Structure formats: C-alpha cells, structure tokens
There are 2 protein chains.
Amino acid sequence: MALEHAILVSLLEKPGSGYELARRFDRSIGYFWTATHQQIYRVLKRMESEGWVAVREVAQQGRPDKKHYSVAEAGRAALAEWLHEPIEPESVRHDLAVKIRGAAFDDPSALIRQVERYRQVHSERLAHYLAGQSRDFTGPDAPQGTDAMRELQHVVLRGGIAYERMTLDWLEDVLATLRRIQAARTGR
Amino acid sequence: MALEHAILVSLLEKPGSGYELARRFDRSIGYFWTATHQQIYRVLKRMESEGWVAVREVAQQGRPDKKHYSVAEAGRAALAEWLHEPIEPESVRHDLAVKIRGAAFDDPSALIRQVERYRQVHSERLAHYLAGQSRDFTGPDAPQGTDAMRELQHVVLRGGIAYERMTLDWLEDVLATLRRIQAARTGR
DNA sequence: CTTGTCTATGAAACGAGTTGCATAGCAGGA
DNA sequence: TCCTGCTATGCAACTCGTTTCATAGACAAG
C-alpha cells in the first residue's frame with residue numbers, strides 16, 4: 001500500500017489538513033495517485049495512531065475547525081525505508097485495451113465515438129500539464145532556483161507530458177485501425 | 001468492474017478453462033489487465049450463474065478435470081453493452097512518481113539503484129513485445145490475413161511498445177535528474 | 001427564501017483485489 | 001527418496017477502494 005507514502009510526500013512538500021490533501025489528490029499528486037477524501041481521512045487517522053504524523057487542531061472563524069497534519073520523525077523514517085524498497089511493477093488496468101480487443105466481436109462504430117471523446121480528454125490533459133509547466137517551471141514568472149523538490153516535481157510532470165503525447169499518437173493509430181475495420185465490414 | 005469483460009473478450013478470442021485464462025492473464029492480456037486465479041475463478045462462477053458463459057466439464061487423464069468455458073449469447077450482449085459505454089479515465093497508481101517526489105526528502109542514491117533496475121525490467125518487456133510482434137504480426141512466419149481480431153490485437157501491442165519506449169526515455173531523464181541532485185548534494 | 005456550493009470531517013456498507021492455505025495426481029531432478 | 005513444480009480448482013480471511021449518507025455553518029445566486 002502506497003497511499004500512506006503518497007500522503008507523507010505531500011505533507012513533506014507542504015503540511016495541511018485532510019481536506020487540503022484531498023484537493024491536492026484532485027490535482028498535482030492526483031495525476032499519479034488517486035484517492036478519495038474517505039481514504040485519506042481513514043489513513044491519516046491510522047498514521048496518527050502510529051505516530052507517523054502530528055496533528056494540531058486549528059479553530060477557524062466561519063468555517064469548521066480543521067486538523068493540521070505534519071510529518072513526524074517516524075513518518076520520515078517510514079518514507080525513507082519505503083524509498084529503499086524495490087520499485088514494484090505497476091499492476092495495469094487499462095479498460096481501453098480491453099475494449100479495443102473486444103471490438104473484434106461487435107460493430108466498432110460506437111467504440112470509435114468513445115475513442116474520439118477519450119482523445120479529447122487526453123488532449124485537454126496535455127494542455128493542462130503544459131500550462132502548469134510554463135507556470136511553475138519554465139515560464140518567465142516561474143520561481144527561480146533549482147532546489148531538489150522543484151526539480152523532482154518537474155521531472156514527474158515531464159513524465160506526464162510524455163505519457164499524454166504518446167497516448168495521443170497511439171489513439172490516432174487506434175482510430176485509423178478501427179476505421180479500416182469498419183470500412184472493410186460495410187464494404188462487404 | 002471490467003474484469004468480467006476482459007474475461008469475455010479472452011474467451012471470445014479463444015474458449016478455455018479458468019486455469020488457462022489465469023495463464024493468459026500472465027501474458028498477452030495480462031499486460032493490460034492483471035488478475036489472479038482467485039479472482040478469475042470467482043468471477044467465472046458468477047458469470048456462469050448469470051448465464052454469460054457456458055461450462056462443459058472435461059475429464060482428463062493424468063490431470064485434474066477441467067471446466068471448459070465459452071461465451072453464451074447473454075455474455076456477448078453484455079460485452080456489446082459495455083463497449084458502448086463511455087471509456088472511463090483510468091485511475092492511476094504510479095508508485096514511481098511518488099517515490100521520485102519523495103526523493104527530495106532522502107538521499108537519492110538508493111532510488112537511483114532502484115530506477116536502474118526498473119529500467120532493466122522495462123527494456124526486457126520492450127524486447128519481449130518486439131519479439132511477439134515479429135512472431136505474430138510482422139515476421140515472415142506470421143500468419144497471413146487481416147482479420148479484425150488480429151489487427152486489433154496488433155494495435156494494442158503497438159500501444160504497449162509505444163508505452164515502453166516512452167517509459168525508457170523518461171527513465172533516462174529521471175536518472176539524469178536524480179544524479180544531478182546527488183552531485184549537488186555531495187558537492188556541498 | 002430556497003437552493004446550491006464550499007469548507008471540513010466522519011460513519012457505514014459494499015465491492016474489488018490480495019494472500020495464504022488446501023487438495024491431488026503426475027513428472028523430473030538432487 | 002524427497003523436494004520442487006505443473007495442472008486444476010477452490011475456501012477463508014483480510015486489506016484496499018468506492019459509494020452513499022450525515023452534519024453544519026457561511027455565502028452567493030436566483
């Protein structure tokens with residue numbers, strides 16, 4: 001289980017509440033690790049009881065109180081230990097690949113429409129990454145300095161960009177293949 | 001849940017037993033959808049009770065009896081329905097991205113070794129895909145003909161190849177970044 | 001003035017996925 | 001001979017992840 005480690009990294013980058021973490025998991029970290037607020041609250045509670053994080057209750061005006069979390073020494077040590085463990089091969093769950101192979105046993109036209117929509121989603125995601133990159137890393141207003149944290153965030157973002165570009169190219173290939181099959185079927 | 005649909009596709013491509021399916025999920029399909037034999041047996045049982053698949057018990061000599069599954073009409077219809085549903089964005093769980101960002105808070109040298117090992121794994125996987133491609137699709141001994149099933153299997157494999165190439169390029173970038181950070185740290 | 005959205009946390013139930021164990025005959029190597 | 005590995009299926013327990021619901025004050029739009 002790596003959600004606890006993802007939370008540790010996020011809290012080391014910037015301490016905050018469970019709610020704030022949940023929003024980060026909808027954006028930056030969320031592109032590489034998804035989690036709902038339920039999971040986050042549950043795991044934070046466990047991490048607290050294990051002494052990995054420290055809590056401070058913060059009263060707010062006009063808003064519910066929040067619990068401000070930061071990483072404790074034990075949490076830092078647990079993260080270091082995890083970083084030294086071998087990287088496990090990701091367990092892939094790629095719906096689209098299954099659907100494509102399934103199209104051999106169905107009319108492909110519906111799938112073609114779905115793939116076109118899907119391509120749209122990925123091209124928006126690429127645009128979003130690129131905007132984030134010029135805002136935070138390469139643009140004229142980007143904060144200067146080359147501390148390790150920023151450099152590492154940037155290399156992960158470059159990975160996301162490379163992934164989206166590769167995916168968009170491949171989706172063109174997929175669409176061409178599906179259309180070829182469709183033409184061959186209606187042709188006969 | 002798409003495991004049942006992955007099983008339907010695999011059984012449509014070629015009927016077989018739960019055990020055979022489990023092995024396929026270690027190879028071809030398994031590159032895009034992982035599943036253990038436990039999951040497969042459990043889901044097959046449910047699919048059978050829903051009338052999606054038909055079973056035939058096959059007695060064997062010197063080996064345990066096996067249950068031969070094939071897709072029933074209801075299963076084919078269920079697959080078609082699923083293919084028409086929108087493609088959901090995959091929920092990403094990328095350990096490595098988390099570890100890279102975590103390296104900002106630890107000595108990166110251990111991670112560098114892990115990434116080098118990981119790169120090795122992906123380069124072997126690429127070689128494996130390329131071998132499969134020449135064997136089954138582009139080589140001189142590849143079966144001729146351009147039926148939809150083979151074309152679609154091939155475009156999925158091309159996706160796997162593109163993914164591995166992209167990943168290997170990115171891992172070079174990651175290694176260069178980690179080494180730069182390490183050098184800056186030991187230099188100071 | 002009601003409806004909806006945002007902040008903020010949490011319980012409860014369910015579904016998906018993993019791990020360990022069990023059975024059982026056959027084949028091959030140390 | 002014993003141990004390992006392959007074929008073949010399955011139970012039980014557990015962890016992980018998702019969905020639904022609940023609370024509750026502040027604020028804005030209609």
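Both backbone and side-chain heavy atoms feed into the values below; hydrogens, waters and symmetry mates do not. Because the structure is a prediction, the values reported are computed rather than measured. Proteins come first, then strands; the chains are lettered A, B, ... in the order of their sequence lines, and each starts at number 1.
No donor-acceptor distance shorter than 3.5 angstrom exists from the side chain of Lys66(B) to the backbone of Gly16(B), with no hydrogens or angles considered. Looking only at distances, a side-chain donor or acceptor of Thr177(A) sits under 3.5 Å from a matching main-chain atom of Asp173(A).
Ion pair Lys14(B)/Glu20(B) not flagged as a salt bridge, since none of the NZ, NE, NH1 or NH2 atoms sits closer than 4.0 Å to an Asp/Glu carboxylate oxygen. By the 4.0 Å N-to-carboxylate-O rule, Arg24(B) lies too far from Glu13(B) to be salt-bridged with it. A salt bridge links Arg179(B) and Glu116(B); the closest N-O separation between the charged side-chain nitrogens and carboxylate oxygens is under 4.0 Å.
Under the ring-ring contact (aromatic ring centres under 6.0 Å, His included) criterion, Trp170(A) pairs with no residue, sequence neighbours left out. Partners of Arg117(A) according to the salt bridge (Lys or Arg N to Asp or Glu O under 4.0 Å) rule, which considers only residues two or more places apart in sequence or in another chain, do not exist here.
The overall bend of the helix from dC1(C)-dG30(D) to dA30(C)-dT1(D), read as the angle between its terminal helix axes built from five base pairs each, is 20° when rounded to 10 degrees.
Checking His94(B) against Tyr163(A) by side-chain atom types alone, no donor-acceptor pair falls below 3.5 Å. Side-chain atoms of Gln133(A) and His154(A) form a donor-acceptor pair, as typed in the model, at a separation below 3.5 Å.
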With the sugar-phosphate defined as primed atoms, P, OP1 and OP2, and the base as all remaining atoms, what B/S/- string results for nucleotides 3-12 of chain C, 5' to 3', for protein heavy atoms under 4.0 Å?
----BBBBBB
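Grouping Ile, Leu, Val, Met, Phe, Trp and Tyr residues whose side-chain heavy atoms lie under 4.5 Å apart, directly or via other members, places Tyr41(B) in a hydrophobic cluster with Tyr19(B).
Along DNA chain D, the stretch of nucleotides lying under 4.0 Å from any heavy atom of chain A spans, 5' to 3', dC16(D) to dA26(D).
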